[in-house]
There are 2 protein chains.
Amino acid sequence: MNETQNRPVKTAETSFALLEQLAQADGDALGVTELAQRLDLAKSTVHRHVGTLESLGVVVRDDDEYRIGLRLLDYGLRARDQHALSTVARPKVEELAEETGEKVWCITEQQGRSVHLYGASGKNSVQTSARAGAWGYLHQHAAGKAILAHLPAERVQHIVDGHGLPAKTPHTITDENELFEQLEQIADRGYAFNREESIAGLHAVGAPITDDDGVATGAISISGPANRLKGEWLTETLPDLLLGATNEIELNLSFS
Amino acid sequence: MNETQNRPVKTAETSFALLEQLAQADGDALGVTELAQRLDLAKSTVHRHVGTLESLGVVVRDDDEYRIGLRLLDYGLRARDQHALSTVARPKVEELAEETGEKVWCITEQQGRSVHLYGASGKNSVQTSARAGAWGYLHQHAAGKAILAHLPAERVQHIVDGHGLPAKTPHTITDENELFEQLEQIADRGYAFNREESIAGLHAVGAPITDDDGVATGAISISGPANRLKGEWLTETLPDLLLGATNEIELNLSFS
DNA sequence: GGCTACGTTCGTATAACTCGAACAAGAGTT
DNA sequence: AACTCTTGTTCGAGTTATACGAACGTAGCC
């Protein structure tokens, strides 16, 4: 197919392996020796790489240590801005947060994984580990399942084959058949639930944003504590609000 | 010195040159041939590169065209989160926008350039081309001049030598002596003005956020239309509000 | 149906990347 | 204060792996 089984550019891979290390080292910077050990490279190699990356602005040096640089903020936010959902859906996401008082996220899919584009907080929003730019698994979230339910079956299969169904809580769907059953329900009803499948004590509703062909390009979720998101509020009111928002977003997307 | 006059890693440079092209191509994706022409590379080289970058998640392919990928959003936002100002200053920035009704930006310096970390909009905020993640020249902005005024003189000289004083409007400071004079004033008074030096019709006030040694780590600016930001409101009230905010931020920074 | 433009593949020359050893510099320790 | 250990840095050389160009496959267009 169009899968390039070409040899990848090793140098580019090590560049991003370095960035990954620096990004993971939350807060404190890393030195040449430590980076070389972690990536099993010669010190001189790392030295040369970080020097280049520094001149590109993607890493920054404090004295003799390196941290991730802000040129990546430029690239990253431009990547987000180029996504149709970032401009069109944002007002609606904030509106939903205001109306419900809960945390609302706009999510998209890339290469079989979920990416949190941005979120909005309501008055009673919970603080979770979720953050904009974070990557996750589609089957672990309400919004992710909503996306999966509105993707061609072959792509879903390909995603499941490629990434598996890793668990995050005891309630995460780990069985392929169970997932496909749920996805069918979700496709019928138009929205998905997440009952402690990603974080213990957290419930959520998610609805997809689809293009003219009915294929999901993203999704929006409302999440909050399980003891508040329950009963009709969870199963009726929130889905209604959500579908109202996504429908409007889809309309705006069609004419832009 | 510590300036590596080593040969840079060319492969890493072309990787980021590709990303730069894709980031600049706002909206529409680029094909292999076009990228090869722009960067003066062989098609096969570009093909191999974008294939690698795709597997890393930093570029994404639509059919036969490539656009910038959301893995960079992850890196970029983590880079911002690692910056002390992003967590500490944000509430104050939003408060200022609320109080003044104008646009408020939090800015930092990296490698002699300014980077907009994030902004907050008040009720009457103007819409400019400014966006989070954008890079600019320190001498063109109120916040940038505030930073320059609180940097060691040798670093300022080094920055001016390295980047020059390019103009953006007829009012931009382009003379080195004039800049140094203004910086002295700004250092004395504690805040800087921008009178149509970056955008015609736009005024701004900027104040630095300094560390325990008095060196600027960033700055905050309030900007709005010239016919609204004038008189005592511009020269007295806004600076007072601004200094109140930055002082508080500096205190919070000392104890974190 | 042929022409053009594009993405893709492959083999090869050589450019440039990786390595290791040696050097310099600083901090911590006795 | 001398010594040691660790760190960043430089350099040269071997060889890997990168870039190229030509050829192929393919789709769209005239």
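Below, chains carry the letters A, B, ... as their sequence lines are ordered, and counting in each starts from 1.
In terms of phosphate contacts, R48(B) brings no side-chain nitrogen or oxygen within less than 4.0 Å of OP1 or OP2 of dG7(C). Contact annotation: T33(B) reaches the phosphate of dG7(C) (side-chain N/O to OP1 or OP2, under 4.0 Å). A sub-4.0 Å separation between OP1 or OP2 of dT18(D) and a side-chain N or O of R7(A) is absent. Not one side-chain nitrogen or oxygen of H47(B) sits closer than 4.0 Å to the OP1 or OP2 atom of dG7(C). Checking the phosphate oxygens (OP1, OP2) of dC17(C), no side-chain nitrogen or oxygen of T45(A) falls inside 4.0 Å. For the pair H49(A) and dT18(C), the criterion of a side-chain N or O lying under 4.0 Å from OP1 or OP2 is met.
Nearest nucleotide to the V32(A) side chain, out of dT8(C), dG8(D), dC17(C): dG8(D). Of the candidates dC19(C), dG8(D), dC17(C), the closest approach to any side-chain atom of D64(A) belongs to dG8(D).
What separates NZ of K10(A) from C1' of dT15(D) is a distance of 12 Å, to the nearest Å. Taking atom CG on D40(B) and atom P on dC20(D), their separation rounds to 8 Å, with Å as the unit. In this entry the distance linking CD of Q37(B) with C1' of dG7(C) reads 13 Å, nearest Å. Computed from coordinates, the E13(A) CD to dA17(D) P distance equals 11 Å when rounded to whole Å. Note: CG (D63(A)) to C1' (dT6(D)) measures 15 Å, nearest angstrom. Here dC17(C) presents its P atom at 14 Å from CG of L18(A), a figure rounded to the nearest Å. One can place CD of E34(A) at 13 Å from C1' of dT6(D), the figure rounded to the nearest angstrom. Rounded to whole Å, atom P of dG7(C) lies 14 Å from atom CG of L41(B).
Side-chain atoms of T108(A) and H83(A) form a donor-acceptor pair, as typed in the model, at a separation below 3.5 Å. Inspection of the E109(B) and S114(B) side chains reveals no N or O donor paired with an N or O acceptor under 3.5 Å. Between the side chains of E181(A) and N177(A), no donor N or O sits under 3.5 Å from an acceptor N or O.
Side-chain atoms of S44(A) and base atoms of dG20(C) include a donor and an acceptor less than 3.5 Å apart. With hydrogens and angles ignored, no donor-acceptor pair under 3.5 angstrom links the side chain of K43(A) to the base of dG20(C).
Along DNA chain D, the nucleotide nearest to T11(A) and the one nearest to Y66(A) differ in position, and the one closer to the 5' end is contacted by Y66(A).
Between D74(A) and R131(B) a salt bridge is recorded (basic side-chain N to carboxylate O distance below 4.0 Å). The pair R61(B)-E65(B) fails the salt-bridge criterion, with no side-chain N (NZ, NE, NH1 or NH2) lying under 4.0 Å from an Asp/Glu carboxylate O.
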